[in-house]
Amino acid sequence: MAEKLLELRNLKTYFFTEDGTVPAVDGVSFELKRGGSLGVVGESGCGKSVTALSIMRLIPQPPGKIVGGQILFNGEDLAKKKESEMRRIRGNEISMIFQEPMTSLNPVFTVGDQIMEAIILHQKLNKREARERAIEMLKLVGIPDPDRRVDEYPHQMSGGMRQRVMIAMALSCNPKLLIADEPTTALDVTIQAQILDLMRRLRSEVGAAIILITHDLGVVAELVDDVVVMYAGKVVEKTDVRSIYATPQHPYTEGLLESIPKLHEERERLQTIEGVVPSPYSMPSGCRFHPRCPLARDICKVEEPPLLEVEQGHWAACWKHTDFEPMKEVG
Amino acid sequence: MSASTEAAAAGVVVKEVKGKSLGSDARRRFFRNRLAVLGLVITVGLILVAVFAPYVAPYDPMEQLAWQDPALSLAAPSWAHPFGTDLYGRDLFSRVIFGTRISLAIAVMAAVVTTAIGITLGSLAGYFRGWVDSLITWLINVVWSFPFLLFVLAIITIFPEASLTIVFIAIGVVSWPDIARMTRGQFLAARENEYVEAARAVGAGDFLIIFRHILPNILAPMLVQATLAMGAYIQLEAALSFLGFGVPPPTPSWGRMASEGQNYLFSGQWWWSIMPGIAIMITVLGFNLLGDGLRDALDVRQQTES
Amino acid sequence: AAQGTPKYGGIWKDALASNPPQLDPVFATDTTSAEVDYQIFETLLEYAPDGSLAPLLAESYEISNGGQTVTFKLRKGVRFHATTEGGTPTANGGREVTAQDWVWTFNYITDPEVNSPRAYFIDMVKGYAEYQSGEADHLAGVKALDDYTLQFELSYPFAPFPQVIAYNTFTVLPREDVEKWGKDDFNFHPVGTGAFKFEEWRQDDVVRLSKNENYWMKDENGNQLPYMDGIEFRVIPGGGATEWTEYQLGNIYAVNKVDDPYFPQVTQGVKTDLGNGFVRYDGPNGVFLQRPQPGTYYYGFNTEIVTDKRVRQALNYAINREAMIKLVINGRAAPAKGVLPPAIPGYNPELKGYNYDPNKAKELLAQAGYGPSNPLNLTLQYNTHPAHQRIAEALQAQLKQIGVNLTLREVEWGTHLDTTERGEVGFFRMGWVADYLDADNFLYVLLNSDNIGPEGNYSRFNNPTFDTLTKAARLSTDQAERIRLYREAEKIAVEEAPWLFIYYYTDDNLIKPFVRNYELPAFGQYSNKFRNVWLDL
Amino acid sequence: MAVQLEERPQAQTDATLLQVRDLVKHFPITRGIIFSKQVGAVKAVDGVSFFIKRGETLGLVGESGCGKSTTGRLVLRLIEPTAGEVTFEGKNVLALGREELRALRREMQIIFQDPYASLNPRMTVGDIIGEPLEIHHLARNRKERDQRVRELLDVVGLSAYHARRYPHEFSGGQRQRIGVARALAVNPKLIVADEPVSALDVSIQSQVINLLQDLQREFGLAYLFIAHDLAVVKHIAHRVAVMYLGKLVELASKKELYDDPRHPYTQALLSAVPIPDPTVKRERVILTGDVPSPSRPPSGCRFHTRCPLAEEICTQVDPPFGEASPGHWVACHLVKPGKPGPKLVASPAGIVAGDGSPGEEFPGEGGS
Amino acid sequence: MARYALRRLLEAIPVFLGVVLVVFLLYSVVPGDPARLMAGQRGDPATIARIRADMGLDKPIPEQFADFLWSAVRFDLGRSYRNNMQVMDAILQRVPATLELVVASLLLGGLVGIVVGIISAIRQNTALDYTAMTAAVVGISAPTFWIGMLLILFFALELRWIPGTGYGSGRWVYLVLPTLTLATRPMALLARITRSSMLEAIRQDFVRTARAKGLSERVVVIKHALRNALIPVVTVLGTETAAMLGGVVVTETVFSWPGLGRLFVEALLFRDYPIIRGQVLFLATVFIAANLLVDLSYAIFDPRIRYD
Ligand SMILES: Nc1ncnc2c1ncn2[C@@H]1O[C@H](COP(=O)(O)OP(=O)(O)OP(=O)(O)O)[C@@H](O)[C@H]1O
Ligand SMILES: Nc1ncnc2c1ncn2[C@@H]1O[C@H](COP(=O)(O)OP(=O)(O)OP(=O)(O)O)[C@@H](O)[C@H]1O
Ligand SMILES: [Mg+2]
Ligand SMILES: [Mg+2]
């Protein structure tokens, strides 16, 4: 039953800019079950959004280009689809919520218009029916007084409300996959809680699979089953959500978890990951984390570690699992 | 809100760690833009021509050769006179070369006057706000309400005779609001900058804040604005000359020459008007390309909001 | 008449150099307005193309009482326009003009409330001063002896009075219409007796006139005049290229004072010398007519500023008038030797004037204390116009040759006039085209010390002998005696050199070949009347 | 109002560095260009009182727009308050003249949230850090200034050669260090840290937090630490104040506040924070609605529109900021001194049930 | 919306007052005595004195200003020195011709400019884009009178496609060349501004949202991006309209077009101060009104203003 809805195989999306090539996503693979939920975490600029946009095939081109890999959605490779075919999928089978609720809605159209647009396009409903549906969706995402609100403009709504509208819009055509790119980052804690609560509720109601992109490890913990940790365009670790917190297998993940202050724990002093995120124009050779890694050895500087299954369903890309020997596999 | 800046800001980390300086970055962007470089070449070329006019020009621009040789009246372009001659047998090539001085002088002086008034008033308004701002904003709106050319003409005609000084003063008096408005906007934005607040927090006075923290940071848009304006002023001089209100003769201003020669356009002696006209066009083009290039390179946003 | 049988119909299309400032002849002072007014309004006398006086609304006149009474016999059957502006009836209803109308008109013109800028032309009419100052309530010196007899009494004998009365301000006006519109608006609704009636004036665009069906004049074969159905004056600012284009495109039929760039093109073709400086070219671009015009172009010295006669003379010797005229205005003028242009009675063909003699000029300058070590610096002020600029620049170059530094100063006409009138300018451009064809209009008006300042003597020339001579010539009724006096006076003026004499005006006109009966009048193209012209289309 | 004076948090000891009383800042909303008239006010800060002791960190938390930054700026007198009192080491800050205010700038400093906007891009790092030294004549000459700049760079973990560079050549965390160095240049006693780590990536945040803590220890600094991240505040602060719509709703020591939050808003806030531990299960309070606009704050208790426990009185009367227990101030009608406060959830921040959760490995603060 | 409109209107009042003040000052610093100018060449002192009294020039300056202001709001701008025409009449007579020209140029410039701008933006960095933008920058660089003369030379004299210059009794062919001349600048300017503002709009987050819905590129560009991009374009359109009111001076002179520009030039040449003053005041007022319209039209494009 756990059929794959989405599978990324060695996805590579590069940006060819004046200053050089940015390997924003450089061989990312993961999979998502039908109705499953996956969190993608990582620091700013590690390629989370680019991964999501690649799936949607919304990479600005130029300068961006999917240069390799496959995006298998329902077994079909989206990377090879024609633009017209993609349009049928976007907003219909795969939809997306963006980080900035303030700017992601068009200020000159009513929220109703903007929701109806996708409904009319994909569901072939007429205007009146589409409006009904839009109101229904607004009700679903918990917007009070949806009959009135449907005719309001984005600027008349608060950030939280707008994000609800975005969610309503994304869900309006019953997508099979919902990609949420930092849906709560721009929101206040109490509003964030509302939205997370809403998403949790909708997940069970709508049944869409979810990819949740965030840099907030707390949000991931609350909402998804599986987690992918990215660093500098690469997946460094992936596993289920419990294991990632309990037994992180990559020094980066470990460092990350240790460096954030936590509400339910008291620490004398925070751990730090020294150094900075590498420049995308000059990625370190070998393991991209090696300049900041406390465990780094010579091999890390030259050989890129493969993503190894270090435990059942727990993958990590670090030489430490091979005792820093390139060829040694672990069970 | 905090989190949104976070993402935006963090996005830059990656880009900027490379450690290119603002200037070199802009320079690189500028020199990659072929049109911008063309603009720069034109402008620099013109400045050189203006500076070395006496050495470049083959003849005295005022010398009327036709008295000695009537054939040199309205002579067509030739090797001896590449741009031809005018009615009096003055060498148009030399006149166009010397015209560079006048045109650039008008452009530069008008820009200086404009910028001086504009920056002063704009800074006052933007920095002190309150009634000073209200007053200056009002003045800006008032002056801005006058159709540019008409107002310049109206001012010029107050004076009994036209002169170079009057022309650029009139231009300055009329066209400062643009730069003042921009300066004011930049000031309002800049004074909200945290580094300005930080400077105040460490005890910096108004003077330091204006001259060290705000002005240097708004130079780029003003440079762009001034460059584009210079092109506009050269054109304005041409329009004024055409209407008969420009720089008085025999000063070889391009606008004057182009308009003196305009009637000869239809009688076959096209060069009298066309040559200075082309000079105007190339110069304005140069300033426009340079301004556009600077804007793109310095990443100054289009002045759409006011 | 030699040009075939006249055809009726057609519209005369012509250009005006600017929007006419004034169509009310009482206020019009410029040639553009006059050009239109000549078609609508009529004077007692007019100038024939040869410059002689001819009867118009007066059939004849008589001078008596030692030159102090002038009596006009008026033509019968002259009517004001009955309709105007699209056929709307005029207030006067097209009634006949009588001597009373003339009396009213002259009173109106000289009324101080009306403030006509040309009223002073007839300040010799008895009672003028009293009326102006408010002591009298009317102009005493003009009377209607009967319906068709009009008499003027002058305070002193004034020989050129008939010439003055032919000036285009002194036309008969229909009292009803003037009063209907008032002095501000009659300008926009002019009504007269002329061959053409006012139809429409679209500001800055066009003035349209239509044929006056009730016009009193017939041609020699008894055909009703005018021949053409109307006139369309297009306002084409600045003349120049646009006017030329319009002519080329056939949108106008005549170009007055063809601009220099096109001159070589219009002087192609067959040249006919008609004598007295009249020339006619029949070329591919049409018929080009040229004739001397009663006007002089000069640079005035303010004799109170440039006091040294030698300097003034030196400059007169320093310029090569022929070369200048040839280069700058295509040779379209005669070098000026003195004050009086050829068309004026009293013009002295024998006058020696100044020839081009740079050495003599330098010599005189040296005597005056100027030389290479102490060059003469002078500023010439002229009013904004390309033609003036061109001559000024040429002058500048020529004076350079004798070591004089001339600075050019271009100002607007109003300012120019103002400052020269007040005597603030040392060296200034001026031109004078006769108001009436008499030497008085030049020598007395421009150089007699009575007229220093705004009256016309901008040079502030003050020479007692000259004054006596010109005053005497004014009062004399003996034409030969007058001419003698004027020639003597002019000699003094040339010797004293209050002016830098430049040239005598020449007028020219380019017309389409199908235009018939077209003559260039004595005052110049602007004084043309189109009542006889017909189009061979 | 005078009777309520005692209710305001006021430190008894002379260890008090900063005392803030009834601080108010209303930003006027004006219309019109010339004849501008005030049509309303943003009540950004509307009666805030607290104190900070020497060497102490007071955390100030609250949602966006509740007036945290405005409070910080008022304390430094970067903006003029509408009303209220700020006393620093016994000096009335608001009464200071121009020169005295300048002198005060040596005592109090600020570091900002945005590491990009807070450094003048056209000045070298050396000039940025050296500017306060120049202004306050803390260096006799250029050499001395440079020497001091190098020291400061060293203190914040940067190298001397960095002084010649421009801000954009640094990463966010490094820039934040430069900001700290500038603040330290004058040897201040109090630093207002306005969300100093919010803009930083998680892996960088901890570097800056550690630095701030180290500096506090080394120089005896006091911080007014503004943040919206409750976990960060919990880590760094000694006492914590919670702000809602221009008012403080609760102020207590860290332990008290996190373990025993009295105000319903504090409780909701704590329960809303996602905890990066899937094993931690919590009862959540989800507040409904949005934060009202500070230009039209609700009557009575400003929180009543979103408070699940609101009663009639809450809509009418603005609750006083009273001391519910020693050192623990709350502004809530439902909180009575000495009695347990209202409870939205059993333990807002803490762990309800753990199945072998790592949380239990740290006894003490986290447990219920 | 109504409140917004009203507020903008009220804000325009002080600006209008300022305009009147500047015009008044402009006029009262004119060197030389206007009464003398009016009295004409031979005006005697009595006449001048009478005219002075008539014009109120003997009153104190503030009173003169008050009178002037009062006349200005009644559109009583005095009479021309030259022909005594009511200045307001003189202006109103010229308005239709200028309006025709300005409207035609705006339509041409606006339409072509905006369309070219959009195409350039969509086809960014293509040969088409480069060509259009180069043409635009060249178009902005050429002196206006020159463009006009060359057009006449080429289309009227050489090709004879156009029967001539002038108002041509309202025949539209006559409008072609002056319109082309006057429209060059706004066309070029609008093309540039539309392009950059489109490029900016296309980068916006909500455009990405629209794409994520599966909308076709055409809908995304035309519906979502353009409407937002038009806001700065409207601003430029507004200021350009106003600038054109000044720019007609040159164009109308070149083409003998009987509009406001000609009136102004003639007035300048004759120092007909009442006309100069009246027209500057009139056009400034039109400018203020145009700005007001532009501001109000924002509300059409931008609901954020509508619901202010
Ligand atoms: N249009 C673009 N042109 C050039 N580089 C780009 C572009 N978009 C993204 N990148 C680069 O791709 C890399 C990954 O960016 P991405 O937006 O996926 O990061 P992210 O993980 O989503 O970060 P954040 O948390 O800040 O959203 C970054 O280095 C970024 O600079
Ligand atoms: N200069 C100002 N003029 C007008 N209103 C202002 C000004 N500064 C702040 N405000 C308003 O005052 C309120 C409080 O702002 P403040 O910046 O103090 O909030 P904050 O708690 O720091 O929020 P954030 O977490 O977003 O930084 C906000 O509604 C804000 O819009
Ligand atoms: Mg992202
Ligand atoms: Mg803040």
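Below, chain A is the first sequence line, B the second, and so on; all start at residue 1. Just the heavy atoms: all of them, side chains too, but no hydrogens, waters or symmetry mates, feed the values below.
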Can you name the closest pair of heavy atoms from D/Pro132 and B/Val202 and give their distance? CB-CB, 3.8 Å

How long is the span from the CZ atom in B/Arg200 to the CG atom in D/Leu101, to the nearest 0.5 Å? 10.0 Å

Write down the atom of D/Ser118, the atom of B/Ala198, and the distance for their closest heavy-atom approach. O-CB, 4.2 Å

Most chain B-contacting option - heavy-atom pairs closer than 4.5 Å, from D/Arg73, D/Arg182, D/Arg102: D/Arg73

So, do B/Arg212 and D/Arg122 sit near enough that their side-chain heavy atoms are less than 4.5 Å apart? no

For the residue pair D/Glu131 and B/Leu208, establish whether any side-chain heavy-atom pair is separated by less than 4.5 Å. yes

Just wondering, more than 12 heavy atoms not from D/Arg164 lying within 6.0 Å of its CZ? no

Heavy-atom proximity to chain B below 4.5 Å, by part of D/Glu134: side chain

Return the minimal non-hydrogen interatomic distance between B/Tyr195 and D/Pro121, and the atom names on each side. CE2-CD, 3.6 Å

I'd like to know if the side chain of B/Glu194 and the backbone of D/Asp114 have a donor-acceptor N/O pair within less than 3.5 Å. yes

Against chain B, label D/Arg106 side chain, backbone, both or neither, depending on which of its atoms sit under 4.5 Å from a heavy atom there. neither

Sort D/Ile135 into side chain, backbone, both or neither according to what part of it lies under 4.5 angstrom from a heavy atom of chain B. side chain

May I ask you to name which of D/Asp127, D/Leu104, D/Asn120 has the most heavy-atom pairs under 4.5 Å with chain B? D/Asn120

